[in-house]
Amino acid sequence: MRALTWQGKKDVRVETVDDPAIVNPRDAIIKITSTAICGSDLHLYDGMIPAMMPGDILGHEFMGEVVETGKGGTGLTKGQRVVVPFVIACGACYHCSKLQYSACDNSNPVDKADLSETMFGHQASGLFVYSHLTGVYAGGQAEYVRVPFADVGPIVVPDGLDDDDVLFLSDILPTGWMAAENCEIEDGDTVAVWGCGPVGLFAIQSALIMGAARVIAIDHLPRRLELARNLGAQVIDYTTANVREALLEMSGGIGPDAVIDAVGMESHGFFLDNAYDRAKQALMLETDRGRVLREALHACRKGGRVSIPGVYGGFVDKFPIGALMQKGLTIRTGQTHVQRYLPLLLEMIEEKKLDTTFLISHRLPLEDAAEGYRLFADEQNETTKVVLKPGMERSQQDRTS
Ligand SMILES: NC(=O)c1ccc[n+]([C@@H]2O[C@H](COP(=O)([O-])OP(=O)(O)OC[C@H]3O[C@@H](n4cnc5c(N)ncnc54)[C@H](O)[C@@H]3O)[C@@H](O)[C@H]2O)c1
Ligand SMILES: [Zn+2]
Ligand SMILES: [Zn+2]
């Protein structure tokens, strides 16, 4: 089959590789119809996540048709259309029983002594292709993919919904939803969201649905800020305003009730601390850039809530523990417990309470996946979300930007 492989920093290639096969009784093989590129893929593309190996098949946001199932009773039948969560979970361990699917104890087959246990204190759960720390699962930017624990993860798509309507159930829609849920929004709240990429945009939409009186979105890319404004957010361009001062002014001097870091480890901007982080990263003395995290913690009101859907992989310097403690802030974060949110969010899509297609800027053939990565990494203003389709001819491609 054809699949997109990671070869090194900023080097991804569509190659011919072996087809996947059923390995365990609860596996299913899915023929991919749509798959998307995520901000998390950019961390791999930029070489920020350790333990990737040349040849790893990329992609954790995907959906398609069931073509084969294991003998263990996956509950799926051939021909069904399914969306697959990026989190792999057994559904039966201590954590899964608490609906903390991204903390599953049984989905990462790598040896217990792996790097993730050393770095995090506990072994990471299984995620599709998120390096060899999270299992060694081939991803779905390919013609076919093997889905483990297929009785727990995939959700069957009802007739009448297009791929574009439901594809983002695989990750960014539940991620934006959980980011807003982690803010414990109360009526009248002001919520500030850093980053107007796909995760930030879905967090904005979710926060407004959950009753936030006001959402303030922060980025510097005009097109992305415009999408945030269209959703109903007020916006701040961090290149022309002092973000903390602007937020204070917009919230009657007290600061936002809740803040969301939808940027993560690769924050941009010409700030002293960001330059410091970049220098330390280059010397391998620090793994992650904490600019947005610091700014969000400083801006949040006393007693407020901090939600961090943005991915961090290791260690951040100059973490403002004083602001966290002295202001009595609460932090909630994590890889999304995707499976927990699927029934609710699917229902909301069917009832048209959520818009899931407004952010798609490119629909490209899988063969053009490398160009899709380049656009999403280097032309972020125009490229708000790229969907790849294995069966698509080049003549059918769609670039709405
Ligand atoms: N927790 C999870 O399960 C989960 C799931 C999916 C994605 N993520 C993470 O969420 C983050 C966002 O993903 P995405 O797909 O939206 O990525 P993206 O790269 O498309 O968007 C990031 C946005 O942040 C903006 N930004 C950069 N520096 C900034 C700054 N200093 N202030 C304000 N905005 C700034 C960029 O301009 C960009 O628009 C990534 O870290 C990704 O890995 C987490
Ligand atoms: Zn993703
Ligand atoms: Zn489990």
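FYI, side chains are in, hydrogens and waters are out, and symmetry mates aren't considered; it's all heavy atoms of this structure. Residue indices begin at 1 and follow the sequence shown. Start at 1 and go down the list; that is how both ligands and their atoms are numbered.
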- Query: Hey, is the Zn ion (ligand 2) within less than 2.8 Å of some N/O/S atom on Asp41?
  - Reply: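 Checking Asp41: none of its N, O or S atoms is under 2.8 Å.
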Around atom [atom1] of [X], are there more than 12 heavy atoms of other residues, nucleotides or ligands at under 6.0 Å?
| X | atom1 | result |
| --- | --- | --- |
| Arg244 | CZ | no |
| Glu350 | CD | yes |
| Lys327 | NZ | yes |

Would you give me the side-chain donor-acceptor pairs under 3.5 Å for residues 52-70, sequence neighbours excluded?
{"from": "Asp56", "atom 1": "OD1", "to": "His132", "atom 2": "NE2", "distance (Å)": "3.0"}
{"from": "Asp56", "atom 1": "OD2", "to": "Met53", "atom 2": "N", "distance (Å)": "2.8"}
{"from": "Asp56", "atom 1": "OD2", "to": "His132", "atom 2": "NE2", "distance (Å)": "2.9"}
{"from": "His60", "atom 1": "ND1", "to": "Asp41", "atom 2": "OD1", "distance (Å)": "3.3"}
{"from": "His60", "atom 1": "NE2", "to": "Asp171", "atom 2": "OD2", "distance (Å)": "3.1"}
{"from": "Glu61", "atom 1": "OE1", "to": "Lys385", "atom 2": "NZ", "distance (Å)": "2.8"}

- Message: Run Leu324 and Phe319 through side-chain contact (heavy atoms from CB on, under 4.5 Å) and show every step you take.
- Response: CA-CA 9 Å; Leu324 177 67; Phe319 179 79; 4.1 Å; yes
- Message: I'd like to know if the side chain of Ser361 and the backbone of Thr384 have a donor-acceptor N/O pair within less than 3.5 Å.
- Response: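 It does hold such a pair.
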- Task: Kindly say whether Val156 contributes a backbone atom to a donor-acceptor pair with the side chain of Gln80 at under 3.5 angstrom?
- Result: no
- Message: Ignoring hydrogens, what is the shortest heavy-atom contact between Leu329 and Gly303? Give both atom names and the distance.
- Response: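 Answer, listing the atom of Leu329 first, then Gly303: CD2-N, 4.0 Å.
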- Query: Taking all atoms of both residues into account, what is the closest heavy-atom pair of Leu225 and Val235, and its distance?
  - Reply: O-CG1, 3.6 Å
- Query: Can the positive tip of Arg26 be found less than 6.0 Å from the middle of the six-membered ring of Phe149, inside 45° of the ring normal?
  - Reply: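 No; the conditions do not both hold, so Arg26 does not lie above the ring face of Phe149.
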- Note on the structure: For the Zn ion (ligand 2), angle spanned by Glu61 OE2 and His60 NE2 (nearest 10°) is 120°
- Message: Rounded to the nearest 10°, what angle sits at the Zn ion (ligand 2) between OD2 of Asp171 and SG of Cys38?
- Response: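 With the Zn ion (ligand 2) as the vertex, the angle is close to 130°.
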- Can you list the protein N, O or S atoms less than 2.8 Å from the Zn ion (ligand 3)?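 Atoms qualifying: Cys90 SG, Cys93 SG, Cys96 SG, Cys104 SG.
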- Might you list the protein residues in contact with ligand 1, defined as having a heavy atom under 4.0 Å from one of its atoms, sorted by chain and number? Cys38, Gly39, Ser40, Leu42, His43, Phe86, Asp171, Thr175, Trp194, Gly195, Gly197, Pro198, Val199, Ile218, Asp219, His220, Leu221, Arg224, Tyr238, Ala262, Val263, Gly264, Ser267, His268, Val292, Pro309, Gly310, Val311, Gly334, Gln335, Thr336, Phe376, Gln380
- Report the residues that fulfil side chain to side chain donor-acceptor pair (under 3.5 Å) with Tyr144, sequence neighbours left out, ordered by chain and then residue number.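 Side chain to side chain donor-acceptor pair (under 3.5 Å) list for Tyr144, sorted by chain: empty.
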